[in-house]
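To keep things clear, I will list the structure first and then write my remarks on it.
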Number of protein chains: 2
Amino acid sequence: MQKLTKREDQIMQIVWRLKTAFIRDIIEQLPEPKPHYNTVATIVKILVKKGVLQSEMIGNTHQYSSAVDFEAYRDENLGSIKKKFFGNSFSKMMAYFAKEENLSEAEIEELIHMIKSNKNKKS
Amino acid sequence: MQKLTKREDQIMQIVWRLKTAFIRDIIEQLPEPKPHYNTVATIVKILVKKGVLQSEMIGNTHQYSSAVDFEAYRDENLGSIKKKFFGNSFSKMMAYFAKEENLSEAEIEELIHMIKSNKNKKS
DNA sequence: GTAGAACTACTAATTTATTAGTAGGTAATT
DNA sequence: AATTACCTACTAATAAATTAGTAGTTCTAC
């Protein structure tokens, strides 16, 4: 999958959240200052060409939806994080996380549950 | 702290690793195809202007070192990743990385112990 | 002392990314 | 049927990022 630019990424985040979107929906979600309609349309067209968005004609306007799943994109993006920030050491990373967030008892229980049940289930 | 571009980030990773570096050291660490000396020098100069690198004259050449600490940069990055990919939930993010790791039972126990004992010990 | 290597500062070209203009179509509204 | 709003496709302008050229300096080695 092709790398996305900042703007492309921003638009994809919106589409992933909305599932399907018209240009106007994307603009609505973008923070001020809102870009010009055609600006968004241009980037969306690039995303279609890159194969990360697909479009369907609804009436006489395009409706867009993601053509790659969020999880795949996330996995690609996070692939090098551990290496980049923790010298590839899992335990260093976990120590960081554990220290960083003051988790409540309930959150800790939930997390432990998640870790145990998700074991070896990486999609 | 200002956002870094890809190339800038790549160079900063090297400087953080080496602690101090001359342009030639950075080039040496960069993968093939190595960019032109002046290309690196230009980006380094941008990094100085942004305030993330500082330079010191050693003889008649510049030696560069980081002016912001790696930890701060890492924290910023992990913060935005958390928001972007895990709905701002630290435990979801932890669970994600834990899942990736295919931990043994013993390792899971150790991890759980660590989570519990590090609780509320934020530096 | 001249040739070469590596640096400097400065500038410029190229590529990539972002923004938005123009012109024309469709549909609803008055 | 003219006005308005919003869409289309296509093109172009601008901005940001990356790359590298030129010219001059210093140092080292022949």
*Does B:T42 make a side-chain donor-acceptor contact with the base of D:dA20, cut-off 3.5 Å?*
yes

*Under 3.5 Å donor-acceptor pair, A:N38 side-chain atoms to C:dT22 base atoms*: yes

*Just by distance, with hydrogens left out, do B:D9 and B:Y73 show a side-chain donor and acceptor under 3.5 Å apart?*
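Per modelled atom types, B:D9 and B:Y73 side chains form a pair under 3.5 Å.
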
Value in whole Å for how far the [atom2] atom of [N] lies from [atom1] of [X]:
| X | N | atom1 | atom2 | result |
| --- | --- | --- | --- | --- |
| A:F22 | D:dC7 | CZ | P | 9 Å |
| B:E8 | D:dA17 | CD | C1' | 8 Å |
| A:Q10 | C:dA17 | CD | P | 15 Å |
| A:K3 | C:dT15 | NZ | C1' | 19 Å |
| A:E32 | C:dT19 | CD | P | 14 Å |
| B:I26 | C:dA6 | CD1 | C1' | 15 Å |
| A:L30 | C:dA20 | CG | P | 12 Å |
| A:I58 | C:dT26 | CD1 | P | 19 Å |

*asked:* Judged by each residue's nearest nucleotide on DNA chain C, which is more toward the 5′ side, A:K50 or A:H36?
replied: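 First, find each residue's nearest nucleotide; the 5'-ward one identifies A:K50.
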
Are OP1 or OP2 of [N] and a side-chain N or O of [X] less than 4.0 angstrom apart?
| X | N | answer |
| --- | --- | --- |
| A:T5 | C:dA17 | no |
| B:R7 | D:dT19 | yes |
| B:K45 | C:dA9 | yes |
| A:H62 | D:dC7 | no |
| B:Y37 | C:dT8 | yes |
| B:R24 | C:dC7 | yes |

*Single hit among A:K50, A:K3, A:Q2 for side chain to side chain donor-acceptor pair (under 3.5 Å) with A:E8*: A:K50

_I'd like to know if A:K82 pairs up with B:E100 as an ion pair, taking the criterion as any Lys NZ or Arg NE/NH1/NH2 lying under 4.0 Å from an Asp or Glu carboxylate oxygen._
no

*Is B:W16 reaching over with its side chain to a backbone N or O of B:E71, donor-acceptor style, under 3.5 angstrom?*
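No.
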
Side chain of [X] only, heavy atoms from C-beta on: which candidate in [options] is closest?
| X | options | answer |
| --- | --- | --- |
| A:I23 | D:dT8, D:dT19, C:dT18 | D:dT8 |
| B:N60 | D:dT26, D:dT8, D:dA20 | D:dT26 |
| B:T61 | D:dT18, C:dC7, C:dA20 | C:dC7 |

*asked:* Centre-to-centre under 6.0 Å for A:F97 and B:F90, is that the case here?
replied: yes

